[in-house]
Amino acid sequence: MAGSDQIGLYIGLWTVLGALVGGFISTLLTREHKISTFRQEWIDKVRNLLSETLTQGEVYTDVAYKNDEEAYREKVKLLALICQLKLFLNREEQPSKTVLENLEGIPEEYLGRSGGRQEYARLKNELAVLMQNLLKEEWNRVRDGELIWSANKYIKSKKWPKWVILTRLKLAIFLGFFLILLATCMVVL
């Protein structure tokens, strides 16, 4: 084969390879965007549901000491909200597990007790902080994307230095450098 034929063959192969890689990356990015959208909707639903649950807990602890029909109705409303939260949260993950354990104890702990409102106010603040931490972690997952978030979770578990933690900018710089290096190697060959 003549030199110009080889160059044409290389250009054709790299064009096809570039199209395949571009299609693959486009598919990954589309999937990533869809997952992020679903996760953001989940965050919003859980935030609203927790707010309703904490408010209903306030209502319930106000009347729980009566141990009458009104207390029972408020308890049922609270239990319904707790059950909904159970469907949204993963008991296998520690922050979710802690939140659910605290919420599940409220209906029985305060039933027939007077003065539970002050104790519940403290618990409500603790639950709010726990949920803020949980939702912040999920927001980081949406912001960074699943791949970067998973990599950073691994990096943090190994207690590597903070400068190793990935960001989209660091990843873009690395990929840009890699592509320039690859293109340079191809031109030299």
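What's counted below: heavy atoms across the whole structure, side chains too, no hydrogens, waters or symmetry copies.
- Considering only heavy atoms from C-beta on, M131 comes within 4.5 Å of V46 through its side chain.
- One finds the CG atom of D62 at 9.5 Å from the CD atom of E74 (value rounded to the nearest 0.5 Å).
- L127 and V59 are assigned to two separate hydrophobic clusters, defined by single-linkage of ILVMFWY side chains at heavy-atom distances under 4.5 Å.
- When all heavy atoms are compared, the tightest approach of G57 to L78 is N-CD1, 3.8 Å.
- The minimum heavy-atom distance between R91 and K97, with the atom names listed, is O-CB, 3.5 Å.
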message: Run the side-chain contact (heavy atoms from CB on, under 4.5 Å) test on K77 and L81 for me, step by step, so that the C-alpha distance in whole Å, both residues' side-chain angles and the decisive distance to 0.1 Å come before the verdict.
response: CA-CA 6 Å; K77 289 178 190 175; L81 291 168; 5.6 Å; no
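- For NZ of K153, the number of neighbouring non-hydrogen atoms (other residues, nucleotides, ligands) closer than 6.0 Å is 12 at most.
- In this structure, Y154 and W160 have perpendicular ring planes: the angle between them is above 60°, well past the 30° mark.
- Atom CG of N125 and atom OH of Y120 lie 9.5 Å apart (nearest 0.5 Å).
- Nearest heavy-atom pair, L134 versus L89, reported as atom, atom and distance to 0.1 Å: CD2-CD2, 3.7 Å.
- A 4.5 Å side-chain heavy-atom check between E109 and E119 finds at least one atom pair inside the cut-off.
- When hydrophobic clusters are built by joining Ile, Leu, Val, Met, Phe, Trp and Tyr residues whose side-chain heavy atoms come closer than 4.5 Å, directly or via intermediates, L100 is grouped together with L135.
- A continuous path of ILVMFWY side-chain contacts below 4.5 Å connects W139 to L50, so both sit in one hydrophobic cluster.
- In this structure, E101 places its CD atom where more than 12 heavy-atom neighbours from other residues, nucleotides or ligands lie under 6.0 Å away.
- For the atom pair CG (N102) and NZ (K124), the distance works out to 14.5 Å, reported to the nearest 0.5 Å.
- Side-chain contact, Q40 with D44: a donor N or O sits under 3.5 Å from an acceptor N or O.
- One hydrophobic cluster holds both F88 and L130 under the rule that ILVMFWY side chains link at heavy-atom gaps under 4.5 Å.
- Using modelled atom types and a 3.5 Å distance limit, the side chains of E41 and T37 yield no donor-acceptor pair.
- Note on L79: it does not cluster hydrophobically with L49, by side-chain heavy-atom contacts below 4.5 Å among ILVMFWY residues.
- The CG atom of N140 sits 9.0 Å away from the CG atom of N152 when rounded to the nearest 0.5 Å.
- Residue E104 holds its CD atom at 10.0 Å from CD1 of I106, rounded to the nearest 0.5 Å.
- How far OG1 of T53 is from OH of Y60: 14.5 Å, rounded to the nearest 0.5 Å.
- The residues E70 and R73 are annotated as not salt-bridged, no charged nitrogen and carboxylate oxygen being separated by less than 4.0 angstrom.
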